[in-house]
Amino acid sequence: MMVLIVVRRAYALMLSMFLCVMPLYAQAQDVGQTPFIVEQSLKVLVGSAQDREESLATFEQRGSLDVVPALIQALRFNPQDTQLRATLVKLTGQPDQSWGDWMLWQENNPQVEPFEGFDIFKSRVAQLIDPNFAAFLYPGVQYSIRLEEIAWGGVSKDGIPSLDNPTLISAEDAEYLKNDDLVFGVSINGDARAYPLRIMNWHEMFNDVIGGVPVALAYCTLCGSGILYETDLGDGKEPIIFGSSGFLYRSNKLMYDKQTHSLWNQFTGRPVVGFLTGSKLELKTRPVTITTWKQWHAHNPDTKVLSLETGFRRNYGSGVAYREYFSSPELMFPVSVDQSDHAAKSYVFVLRVSGKEKAWPLSDFEKSKVINDTVDGLSVVLVGDAKTRTVRAFEGNGERFSTGSDTNSFVSESGKWQLTENELISNSGEKLQRLPGHISYWFAWNNYSQAGQFER
(Lines give C-alpha, C1' and ligand atoms only; values in the text may rest on other atoms or scores of the structure.)
Protein backbone atom coordinates (compact mmCIF):
# COMPACT_ATOMS: atom_id res chain seq x y z
CA MET A 1 0.00 0.00 0.00
CA MET A 2 1.46 3.33 -1.01
CA VAL A 3 2.28 6.06 1.52
CA LEU A 4 0.07 8.44 -0.44
CA ILE A 5 -2.93 6.17 0.01
CA VAL A 6 -2.12 5.69 3.68
CA VAL A 7 -1.88 9.45 4.18
CA ARG A 8 -5.19 10.01 2.43
CA ARG A 9 -6.92 7.33 4.49
CA ALA A 10 -5.41 8.69 7.70
CA TYR A 11 -6.53 12.17 6.68
CA ALA A 12 -10.07 10.95 5.96
CA LEU A 13 -10.25 9.10 9.29
CA MET A 14 -8.94 12.02 11.31
CA LEU A 15 -11.20 14.45 9.47
CA SER A 16 -14.17 12.21 10.26
CA MET A 17 -13.18 12.17 13.93
CA PHE A 18 -12.71 15.94 13.81
CA LEU A 19 -16.23 16.49 12.48
CA CYS A 20 -17.69 14.11 15.06
CA VAL A 21 -16.15 15.89 18.04
CA MET A 22 -16.94 19.43 16.85
CA PRO A 23 -20.26 19.73 18.71
CA LEU A 24 -18.75 18.33 21.93
CA TYR A 25 -15.81 20.66 21.59
CA ALA A 26 -18.06 23.66 21.15
CA GLN A 27 -20.02 22.78 24.28
CA ALA A 28 -16.82 22.43 26.27
CA GLN A 29 -15.48 25.90 25.47
CA ASP A 30 -15.26 28.39 28.30
CA VAL A 31 -16.36 31.33 26.15
CA GLY A 32 -15.84 33.69 29.05
CA GLN A 33 -12.09 33.07 28.71
CA THR A 34 -12.04 33.31 24.91
CA PRO A 35 -11.71 36.60 22.99
CA PHE A 36 -14.95 37.37 21.14
CA ILE A 37 -13.54 37.11 17.61
CA VAL A 38 -11.81 33.80 18.45
CA GLU A 39 -15.05 32.49 19.90
CA GLN A 40 -16.98 33.47 16.79
CA SER A 41 -14.35 31.92 14.51
CA LEU A 42 -14.50 28.65 16.43
CA LYS A 43 -18.28 28.64 16.10
CA VAL A 44 -17.91 28.82 12.31
CA LEU A 45 -15.83 25.67 12.54
CA VAL A 46 -17.41 23.70 15.39
CA GLY A 47 -20.70 25.37 16.18
CA SER A 48 -24.26 24.49 15.31
CA ALA A 49 -25.80 25.60 12.03
CA GLN A 50 -27.35 28.58 13.80
CA ASP A 51 -24.02 29.46 15.47
CA ARG A 52 -22.26 29.41 12.11
CA GLU A 53 -24.94 31.52 10.47
CA GLU A 54 -24.84 34.14 13.22
CA SER A 55 -21.03 34.27 13.35
CA LEU A 56 -20.68 34.64 9.58
CA ALA A 57 -23.29 37.41 9.60
CA THR A 58 -21.28 39.16 12.32
CA PHE A 59 -18.11 38.94 10.23
CA GLU A 60 -19.85 40.32 7.16
CA GLN A 61 -21.17 43.22 9.21
CA ARG A 62 -17.68 43.94 10.60
CA GLY A 63 -16.31 43.93 7.07
CA SER A 64 -12.73 43.33 8.23
CA LEU A 65 -10.31 41.06 6.40
CA ASP A 66 -8.63 39.97 9.63
CA VAL A 67 -11.01 37.02 9.96
CA VAL A 68 -10.32 35.68 6.46
CA PRO A 69 -7.38 33.43 7.54
CA ALA A 70 -9.65 31.70 10.08
CA LEU A 71 -12.40 31.30 7.50
CA ILE A 72 -9.96 29.77 5.02
CA GLN A 73 -8.95 27.24 7.64
CA ALA A 74 -12.62 26.50 8.40
CA LEU A 75 -13.27 25.97 4.68
CA ARG A 76 -10.83 23.08 4.59
CA PHE A 77 -13.02 21.13 7.01
CA ASN A 78 -16.36 22.47 5.70
CA PRO A 79 -15.79 22.73 1.93
CA GLN A 80 -19.50 22.54 1.09
CA ASP A 81 -20.59 25.31 3.48
CA THR A 82 -22.17 27.73 0.99
CA GLN A 83 -22.59 30.56 3.49
CA LEU A 84 -18.95 30.30 4.53
CA ARG A 85 -17.88 30.45 0.91
CA ALA A 86 -20.21 33.40 0.30
CA THR A 87 -18.75 35.30 3.28
CA LEU A 88 -15.21 34.81 1.95
CA VAL A 89 -16.31 36.16 -1.42
CA LYS A 90 -18.06 39.17 0.13
CA LEU A 91 -15.15 40.10 2.41
CA THR A 92 -12.39 39.75 -0.18
CA GLY A 93 -14.11 40.54 -3.46
CA GLN A 94 -12.57 37.37 -4.89
CA PRO A 95 -14.50 34.70 -6.83
CA ASP A 96 -15.68 31.54 -5.09
CA GLN A 97 -12.87 28.97 -5.12
CA SER A 98 -11.49 25.86 -3.46
CA TRP A 99 -9.56 25.74 -0.19
CA GLY A 100 -6.32 25.24 -2.14
CA ASP A 101 -6.94 28.32 -4.26
CA TRP A 102 -7.78 30.36 -1.18
CA MET A 103 -4.45 29.25 0.34
CA LEU A 104 -2.65 30.50 -2.77
CA TRP A 105 -4.52 33.80 -2.55
CA GLN A 106 -3.53 34.08 1.11
CA GLU A 107 0.12 33.37 0.30
CA ASN A 108 0.11 36.11 -2.31
CA ASN A 109 -1.61 38.65 -0.05
CA PRO A 110 0.61 38.94 3.04
CA GLN A 111 -0.96 42.30 3.86
CA VAL A 112 -4.06 40.40 5.03
CA GLU A 113 -3.10 39.67 8.62
CA PRO A 114 -5.19 37.59 11.04
CA PHE A 115 -6.90 39.02 14.08
CA GLU A 116 -5.18 39.30 17.46
CA GLY A 117 -5.64 35.95 19.16
CA PHE A 118 -5.33 33.91 15.97
CA ASP A 119 -2.71 31.82 17.78
CA ILE A 120 -5.46 30.73 20.19
CA PHE A 121 -7.74 29.77 17.31
CA LYS A 122 -4.94 27.95 15.48
CA SER A 123 -3.87 25.98 18.54
CA ARG A 124 -7.40 24.88 19.42
CA VAL A 125 -8.09 23.68 15.90
CA ALA A 126 -4.77 21.80 15.86
CA GLN A 127 -5.57 20.07 19.15
CA LEU A 128 -8.88 18.91 17.72
CA ILE A 129 -6.95 17.05 15.03
CA ASP A 130 -4.34 15.62 17.41
CA PRO A 131 -4.04 16.61 21.12
CA ASN A 132 -0.26 16.15 20.78
CA PHE A 133 -0.16 19.15 18.45
CA ALA A 134 -0.43 21.27 21.61
CA ALA A 135 3.33 20.85 21.96
CA PHE A 136 3.82 22.83 18.73
CA LEU A 137 0.99 25.40 18.62
CA TYR A 138 -0.27 27.12 21.74
CA PRO A 139 -1.42 30.61 22.79
CA GLY A 140 1.50 33.03 22.78
CA VAL A 141 3.77 30.79 20.71
CA GLN A 142 6.67 32.59 19.02
CA TYR A 143 6.85 32.38 15.24
CA SER A 144 8.75 33.84 12.29
CA ILE A 145 6.54 32.44 9.52
CA ARG A 146 2.86 33.12 8.88
CA LEU A 147 0.82 30.98 11.27
CA GLU A 148 -2.11 31.14 8.87
CA GLU A 149 -0.07 29.34 6.21
CA ILE A 150 0.84 26.38 8.41
CA ALA A 151 -1.23 23.50 7.06
CA TRP A 152 -2.00 20.10 8.49
CA GLY A 153 -0.27 17.43 6.40
CA GLY A 154 -2.89 14.73 7.04
CA VAL A 155 -1.00 12.76 9.71
CA SER A 156 -0.58 12.99 13.47
CA LYS A 157 2.57 13.96 15.37
CA ASP A 158 5.21 11.36 14.46
CA GLY A 159 2.66 9.77 12.14
CA ILE A 160 5.65 9.48 9.80
CA PRO A 161 8.14 8.02 12.31
CA SER A 162 11.82 8.92 12.23
CA LEU A 163 14.55 6.28 12.29
CA ASP A 164 16.79 6.95 15.28
CA ASN A 165 20.18 5.21 15.26
CA PRO A 166 18.77 2.57 12.91
CA THR A 167 20.20 -0.90 12.41
CA LEU A 168 22.80 -1.15 9.65
CA ILE A 169 24.03 -4.20 7.76
CA SER A 170 26.94 -4.96 5.47
CA ALA A 171 26.68 -4.51 1.72
CA GLU A 172 26.93 -8.28 1.29
CA ASP A 173 23.89 -8.79 3.51
CA ALA A 174 21.78 -6.16 1.71
CA GLU A 175 20.30 -8.74 -0.63
CA TYR A 176 16.96 -6.93 -0.65
CA LEU A 177 18.39 -4.10 -2.76
CA LYS A 178 18.16 -4.01 -6.54
CA ASN A 179 20.97 -2.49 -8.59
CA ASP A 180 18.80 0.42 -9.74
CA ASP A 181 17.30 1.20 -6.31
CA LEU A 182 18.14 4.78 -5.37
CA VAL A 183 19.94 5.46 -2.11
CA PHE A 184 20.96 8.47 -0.09
CA GLY A 185 24.74 8.04 0.13
CA VAL A 186 26.70 9.67 2.94
CA SER A 187 30.42 9.41 3.66
CA ILE A 188 31.98 11.17 6.65
CA ASN A 189 35.51 10.52 7.89
CA GLY A 190 35.69 7.32 5.87
CA ASP A 191 32.38 5.96 7.23
CA ALA A 192 30.16 5.30 4.19
CA ARG A 193 26.42 4.65 4.60
CA ALA A 194 23.56 3.92 2.19
CA TYR A 195 19.98 4.79 3.16
CA PRO A 196 17.63 3.48 0.43
CA LEU A 197 14.85 5.81 -0.68
CA ARG A 198 12.44 2.86 -0.70
CA ILE A 199 12.77 2.86 3.10
CA MET A 200 13.27 6.58 3.69
CA ASN A 201 10.11 7.43 1.74
CA TRP A 202 8.20 5.91 4.67
CA HIS A 203 10.15 7.69 7.40
CA GLU A 204 11.46 10.98 5.98
CA MET A 205 13.98 11.42 8.78
CA PHE A 206 16.90 9.61 10.31
CA ASN A 207 19.00 10.62 13.30
CA ASP A 208 22.37 8.90 13.30
CA VAL A 209 26.09 9.27 13.97
CA ILE A 210 28.28 8.86 10.88
CA GLY A 211 32.06 8.97 11.13
CA GLY A 212 31.70 10.30 14.67
CA VAL A 213 29.48 13.21 13.52
CA PRO A 214 25.84 13.39 14.74
CA VAL A 215 23.63 14.11 11.73
CA ALA A 216 20.01 14.04 10.62
CA LEU A 217 18.71 13.51 7.12
CA ALA A 218 15.64 15.73 6.81
CA TYR A 219 13.80 14.31 3.83
CA CYS A 220 10.70 16.05 2.49
CA THR A 221 9.10 13.65 0.02
CA LEU A 222 6.66 16.36 -1.09
CA CYS A 223 9.49 18.65 -2.24
CA GLY A 224 11.90 15.92 -3.32
CA SER A 225 14.70 17.12 -1.06
CA GLY A 226 16.81 15.15 1.40
CA ILE A 227 19.11 17.52 3.29
CA LEU A 228 21.85 16.29 5.62
CA TYR A 229 22.31 18.47 8.69
CA GLU A 230 24.84 18.35 11.52
CA THR A 231 22.90 18.15 14.79
CA ASP A 232 25.66 18.88 17.29
CA LEU A 233 25.52 22.64 17.79
CA GLY A 234 28.85 22.72 19.60
CA ASP A 235 27.26 24.10 22.76
CA GLY A 236 28.14 21.15 24.97
CA LYS A 237 24.56 19.86 24.94
CA GLU A 238 23.25 16.64 23.48
CA PRO A 239 22.81 16.61 19.68
CA ILE A 240 19.36 17.58 18.46
CA ILE A 241 16.99 14.73 17.64
CA PHE A 242 14.40 15.52 14.98
CA GLY A 243 10.98 14.13 14.11
CA SER A 244 8.13 14.90 11.70
CA SER A 245 5.51 17.20 13.18
CA GLY A 246 2.63 16.49 10.81
CA PHE A 247 2.53 20.12 9.65
CA LEU A 248 3.58 21.74 6.38
CA TYR A 249 4.49 25.22 5.26
CA ARG A 250 3.99 25.86 1.55
CA SER A 251 4.16 22.13 0.82
CA ASN A 252 7.41 21.78 2.75
CA LYS A 253 7.59 19.71 5.91
CA LEU A 254 8.00 21.32 9.31
CA MET A 255 10.20 19.04 11.38
CA TYR A 256 10.54 19.43 15.12
CA ASP A 257 13.27 18.94 17.68
CA LYS A 258 12.40 16.52 20.46
CA GLN A 259 14.08 18.64 23.12
CA THR A 260 11.98 21.85 22.85
CA HIS A 261 9.30 20.83 20.32
CA SER A 262 10.11 23.89 18.24
CA LEU A 263 9.14 23.60 14.58
CA TRP A 264 11.98 23.88 12.06
CA ASN A 265 11.82 24.56 8.36
CA GLN A 266 13.21 21.51 6.58
CA PHE A 267 14.66 23.55 3.71
CA THR A 268 16.36 26.29 5.74
CA GLY A 269 17.43 24.33 8.81
CA ARG A 270 16.12 27.11 11.05
CA PRO A 271 13.54 27.06 13.88
CA VAL A 272 10.46 29.02 12.85
CA VAL A 273 7.80 28.28 15.48
CA GLY A 274 8.20 27.76 19.21
CA PHE A 275 10.80 28.24 21.93
CA LEU A 276 13.85 28.44 19.65
CA THR A 277 12.35 30.98 17.24
CA GLY A 278 14.54 34.06 17.01
CA SER A 279 17.57 32.21 18.39
CA LYS A 280 19.50 32.66 15.11
CA LEU A 281 20.21 28.93 15.04
CA GLU A 282 20.92 27.51 11.59
CA LEU A 283 21.98 23.92 11.06
CA LYS A 284 25.15 23.24 9.09
CA THR A 285 24.64 21.24 5.90
CA ARG A 286 26.73 18.25 4.83
CA PRO A 287 27.11 16.63 1.38
CA VAL A 288 24.61 13.89 0.53
CA THR A 289 24.36 11.96 -2.73
CA ILE A 290 21.41 10.33 -4.44
CA THR A 291 22.56 7.53 -6.72
CA THR A 292 21.81 3.92 -7.55
CA TRP A 293 22.77 1.16 -5.17
CA LYS A 294 25.01 -0.34 -7.87
CA GLN A 295 26.96 2.89 -8.34
CA TRP A 296 27.21 3.66 -4.62
CA HIS A 297 28.43 0.16 -3.78
CA ALA A 298 31.01 0.23 -6.60
CA HIS A 299 32.29 3.58 -5.37
CA ASN A 300 32.11 2.62 -1.67
CA PRO A 301 32.64 -1.16 -1.39
CA ASP A 302 32.83 -1.06 2.43
CA THR A 303 29.57 0.84 2.83
CA LYS A 304 27.05 -0.05 5.50
CA VAL A 305 23.37 -0.23 4.53
CA LEU A 306 20.12 0.53 6.30
CA SER A 307 18.47 -2.71 7.38
CA LEU A 308 14.87 -3.64 6.59
CA GLU A 309 14.51 -4.32 10.32
CA THR A 310 13.45 -0.80 11.23
CA GLY A 311 11.06 -1.67 14.04
CA PHE A 312 8.08 -0.66 11.90
CA ARG A 313 5.79 -2.69 9.68
CA ARG A 314 5.90 -1.18 6.20
CA ASN A 315 6.02 -2.40 2.63
CA TYR A 316 9.56 -1.41 1.76
CA GLY A 317 9.33 -2.69 -1.81
CA SER A 318 10.96 -0.79 -4.66
CA GLY A 319 8.79 2.03 -5.96
CA VAL A 320 5.95 1.39 -3.50
CA ALA A 321 5.88 4.53 -1.35
CA TYR A 322 4.55 7.72 -2.96
CA ARG A 323 4.44 6.10 -6.39
CA GLU A 324 1.40 8.12 -7.44
CA TYR A 325 2.81 11.44 -6.24
CA PHE A 326 6.27 10.91 -7.73
CA SER A 327 4.82 10.00 -11.12
CA SER A 328 2.43 12.97 -11.25
CA PRO A 329 3.27 16.55 -12.26
CA GLU A 330 0.77 17.79 -9.67
CA LEU A 331 1.52 18.96 -6.12
CA MET A 332 -0.38 17.53 -3.16
CA PHE A 333 -0.65 20.84 -1.28
CA PRO A 334 -1.01 24.41 -2.57
CA VAL A 335 2.03 26.62 -3.09
CA SER A 336 2.78 29.41 -5.53
CA VAL A 337 5.55 28.63 -8.00
CA ASP A 338 6.97 30.32 -11.08
CA GLN A 339 6.81 27.71 -13.85
CA SER A 340 7.81 29.99 -16.72
CA ASP A 341 11.17 28.19 -17.09
CA HIS A 342 10.80 24.96 -15.11
CA ALA A 343 7.93 22.67 -14.16
CA ALA A 344 7.07 22.64 -10.46
CA LYS A 345 8.34 19.09 -9.95
CA SER A 346 11.36 19.17 -12.23
CA TYR A 347 14.55 18.34 -10.34
CA VAL A 348 17.34 20.77 -9.52
CA PHE A 349 20.62 20.43 -7.67
CA VAL A 350 21.01 23.00 -4.91
CA LEU A 351 24.42 24.12 -3.67
CA ARG A 352 24.25 24.91 0.05
CA VAL A 353 27.37 26.85 1.00
CA SER A 354 26.64 29.59 3.55
CA GLY A 355 25.99 32.81 1.67
CA LYS A 356 26.66 31.11 -1.68
CA GLU A 357 23.60 29.18 -2.82
CA LYS A 358 22.47 28.36 -6.32
CA ALA A 359 20.41 25.75 -8.18
CA TRP A 360 21.04 24.04 -11.51
CA PRO A 361 18.37 22.08 -13.42
CA LEU A 362 19.20 18.40 -13.42
CA SER A 363 18.45 18.42 -17.14
CA ASP A 364 21.65 20.46 -17.66
CA PHE A 365 23.61 17.27 -16.97
CA GLU A 366 22.00 15.61 -19.98
CA LYS A 367 24.17 17.91 -22.12
CA SER A 368 27.37 17.47 -20.17
CA LYS A 369 28.42 15.40 -17.18
CA VAL A 370 30.55 18.30 -15.92
CA ILE A 371 29.45 21.88 -15.26
CA ASN A 372 32.03 24.59 -14.50
CA ASP A 373 30.52 27.64 -12.84
CA THR A 374 31.02 30.37 -10.26
CA VAL A 375 28.73 31.40 -7.40
CA ASP A 376 29.41 34.84 -5.94
CA GLY A 377 33.09 34.51 -6.78
CA LEU A 378 33.36 30.88 -5.66
CA SER A 379 34.58 28.56 -8.41
CA VAL A 380 32.61 25.29 -8.45
CA VAL A 381 32.81 22.04 -10.40
CA LEU A 382 29.65 19.95 -10.62
CA VAL A 383 29.71 16.30 -11.69
CA GLY A 384 26.29 14.83 -12.40
CA ASP A 385 24.06 12.21 -13.97
CA ALA A 386 20.47 13.27 -14.63
CA LYS A 387 19.24 9.68 -14.99
CA THR A 388 20.14 8.74 -11.42
CA ARG A 389 19.69 12.21 -9.84
CA THR A 390 23.36 12.09 -8.90
CA VAL A 391 25.32 15.34 -8.45
CA ARG A 392 28.51 16.00 -6.53
CA ALA A 393 29.82 19.55 -6.18
CA PHE A 394 33.45 20.47 -5.53
CA GLU A 395 35.21 23.75 -4.86
CA GLY A 396 37.02 24.67 -8.05
CA ASN A 397 40.48 26.14 -8.64
CA GLY A 398 39.61 28.34 -11.62
CA GLU A 399 40.41 25.67 -14.21
CA ARG A 400 37.86 24.13 -16.55
CA PHE A 401 37.20 20.44 -16.06
CA SER A 402 35.90 17.86 -18.52
CA THR A 403 35.32 14.10 -18.48
CA GLY A 404 38.27 11.73 -18.68
CA SER A 405 38.71 8.13 -19.77
CA ASP A 406 36.22 6.64 -17.28
CA THR A 407 33.32 7.71 -15.06
CA ASN A 408 35.54 8.77 -12.16
CA SER A 409 38.34 10.51 -14.05
CA PHE A 410 38.51 14.10 -15.26
CA VAL A 411 40.96 16.42 -16.95
CA SER A 412 41.75 20.11 -16.61
CA GLU A 413 44.42 22.45 -17.94
CA SER A 414 46.85 21.23 -15.28
CA GLY A 415 46.35 17.49 -15.79
CA LYS A 416 44.30 14.49 -14.76
CA TRP A 417 42.00 14.21 -11.73
CA GLN A 418 40.29 11.35 -9.92
CA LEU A 419 36.91 11.62 -8.20
CA THR A 420 36.49 10.28 -4.66
CA GLU A 421 33.44 10.66 -2.47
CA ASN A 422 34.69 13.82 -0.78
CA GLU A 423 37.45 15.16 -3.03
CA LEU A 424 38.73 15.66 -6.55
CA ILE A 425 42.42 14.65 -6.47
CA SER A 426 44.95 15.52 -9.17
CA ASN A 427 47.88 13.39 -10.22
CA SER A 428 50.11 15.96 -8.55
CA GLY A 429 48.26 15.61 -5.24
CA GLU A 430 46.14 18.77 -5.32
CA LYS A 431 42.77 18.26 -3.65
CA LEU A 432 39.47 20.05 -4.27
CA GLN A 433 36.99 19.62 -1.43
CA ARG A 434 33.39 18.43 -1.75
CA LEU A 435 30.73 21.09 -1.16
CA PRO A 436 27.35 20.47 0.51
CA GLY A 437 24.27 20.27 -1.68
CA HIS A 438 21.17 18.23 -2.43
CA ILE A 439 18.48 17.45 -4.99
CA SER A 440 15.11 19.21 -4.81
CA TYR A 441 11.98 19.83 -6.80
CA TRP A 442 12.05 23.20 -8.53
CA PHE A 443 9.03 24.56 -6.63
CA ALA A 444 10.74 24.12 -3.24
CA TRP A 445 13.90 25.92 -4.35
CA ASN A 446 11.88 28.60 -6.16
CA ASN A 447 9.88 29.28 -3.00
CA TYR A 448 13.00 29.28 -0.83
CA SER A 449 15.04 31.53 -3.11
CA GLN A 450 12.42 34.28 -3.34
CA ALA A 451 13.34 37.02 -0.86
CA GLY A 452 11.30 36.98 2.32
CA GLN A 453 9.30 33.92 1.31
CA PHE A 454 9.92 31.74 4.36
CA GLU A 455 10.34 34.05 7.31
CA ARG A 456 9.19 37.46 8.44
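Bear in mind the structure is a predicted one, so any value in this text is a computation, not a measurement.
Checking T167 against S307 by side-chain atom types alone, no donor-acceptor pair falls below 3.5 Å. Checking Q418 against N408 by side-chain atom types alone, no donor-acceptor pair falls below 3.5 Å. In this structure, a donor-acceptor pair under 3.5 Å is absent between the side chains of Y219 and Q266. Residues N446 and Y441 have side chains that never bring a donor and an acceptor to within less than 3.5 angstrom of each other. Using a 3.5 Å distance cut-off with no hydrogens or angles, the side chains of W296 and T289 do not pair a donor with an acceptor. If you check the side chains of W293 and D180, you find no donor sitting under 3.5 Å from an acceptor. At a cut-off of 3.5 Å, with distance as the only test, no side-chain donor of T268 or E282 sits close to an acceptor on the other residue. In this structure, a donor-acceptor pair under 3.5 Å is present between the side chains of T260 and S262. Side-chain N/O atoms of S379 and E395 include no donor and acceptor closer than 3.5 Å. No donor-acceptor contact under 3.5 angstrom links the side chains of T292 and N179, judged on distance only.
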Item to check | M103/Q106 under side chain to side chain contact (heavy atoms under 4.5 Å, CB included): CA gap, chis, key distance, verdict | outcome: CA-CA 5 Å; M103 287 292 287; Q106 180 171 248; 3.7 Å; yes

Item to check | side chain to side chain contact (heavy atoms under 4.5 Å, CB included) evaluation trace for R198 with L182 | outcome: CA-CA 8 Å; R198 57 191 277 186; L182 295 180; over 6 Å; no

Checklist entry - Stepwise, does the salt bridge (Lys or Arg N to Asp or Glu O under 4.0 Å) test hold for K387 with E366? => result CA-CA 8 Å; K387 291 182 180 179; E366 296 173 357; over 6 Å; no

Next on the checklist: I'd like to know whether Q433 forms a side chain to side chain donor-acceptor pair (under 3.5 Å) with N422, so could you lay out the CA-CA distance, the side-chain angles of the two residues, the decisive distance to 0.1 Å, and finally the verdict.
Outcome noted: CA-CA 6 Å; Q433 297 299 313; N422 292 305; over 6 Å; no

Item to check | Worked check of side chain to side chain contact (heavy atoms under 4.5 Å, CB included) between M200 and L163 | outcome: CA-CA 9 Å; M200 292 308 303; L163 297 178; 4.1 Å; yes

Item to check | F77/L45 under side chain to side chain contact (heavy atoms under 4.5 Å, CB included): CA gap, chis, key distance, verdict | outcome: CA-CA 8 Å; F77 301 103; L45 189 62; 4.0 Å; yes

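Contact check for Q80 versus R85: no side-chain heavy atoms found under the 4.5 Å cut-off. Taking the side chain as every heavy atom from C-beta outward, V273 and L137 approach each other to under 4.5 Å. Using a 4.5 Å heavy-atom threshold, the side chains of P79 and W99 count as separate. Residues D232 and V213 are not in side-chain contact: their nearest non-hydrogen atoms beyond the backbone lie 4.5 Å or more apart. The closest side-chain heavy-atom distance from M255 to L263 is not below 4.5 Å. Counting heavy atoms from C-beta on, the side chains of V391 and L362 come closer than 4.5 Å. The shortest distance between side-chain heavy atoms of I120 and P139 falls below 4.5 Å. Considering only heavy atoms from C-beta on, S187 stays 4.5 Å or farther from R286 through its side chain.
Taking 4.0 Å as the cut-off between side-chain N and carboxylate O, K157 and D130 do not count as a salt-bridged pair. Taking 4.0 Å as the cut-off between side-chain N and carboxylate O, D181 and K294 do not count as a salt-bridged pair. In this structure, D164 pairs ionically with K258, as a charged nitrogen and a carboxylate oxygen lie closer than 4.0 Å. At a threshold of 4.0 Å, the pair E423-R434 does not count as salt-bridged, since none of the basic side-chain nitrogens sits closer than that to a carboxylate oxygen. Note on E148 versus K122: no salt bridge recorded, every NZ/NE/NH1/NH2 to OD/OE distance being 4.0 Å or above.
At distances below 3.5 Å, at least one donor-acceptor pair connects side-chain atoms of N201 with backbone N or O atoms of L197.
Note that K345 lies in the cation-pi zone of Y325, set by a 6.0 Å cut-off to the ring centre and a 45° limit from the axis. Note that R352 lies in the cation-pi zone of Y448, set by a 6.0 Å cut-off to the ring centre and a 45° limit from the axis.
Results of the salt bridge (Lys or Arg N to Asp or Glu O under 4.0 Å) test with K358 over D376, D373, D364 single out D373 as the only residue that passes. The only option from T310, L306, V215, I199 that meets the side chain to side chain contact (heavy atoms under 4.5 Å, CB included) definition with F206 turns out to be V215.
Between H203 and F312, the ring planes are tilted. Angles from 30° to 60° get that label. Ring geometry for F242 against W264 counts as perpendicular: the plane angle is over 60°, on a 0 to 90° scale with 30° as the lower cut. Ring pair F118/F115 is perpendicular by interplanar angle, where above 60° counts as perpendicular and below 30° as parallel.
The two atoms that bring A126 and F133 nearest to each other are O-CD1, 3.2 Å, heavy atoms only. For the pair S251 and C223, the tightest heavy-atom approach, listed with the atom from each and the gap, is O-CB, 4.3 Å. Smallest separation of non-hydrogen atoms from V141 and D119: N-OD2, 4.3 Å. When every heavy atom of V350 is checked against every heavy atom of S440, the shortest pair comes out as CG2-CB, 4.1 Å. Heavy-atom minimum distance, N447 versus S336: ND2-O, 3.4 Å. Taking all atoms of both residues into account, the shortest heavy-atom contact from P287 to V186 is O-CG1, 4.5 Å.
Taking the six-membered ring for Trp and the full ring otherwise, the centers of F136 and Y256 sit less than 6.0 Å from each other. Aromatic ring centres of Y347 and W442 lie farther apart than the 6.0 Å criterion allows. A distance of 6.0 Å or more separates the ring centres of H342 and F443. When ring centroids are compared, H438 and Y229 stay outside the 6.0 Å threshold. Checked against a 6.0 Å centroid threshold, the rings of F401 and F410 do not count as neighbours.
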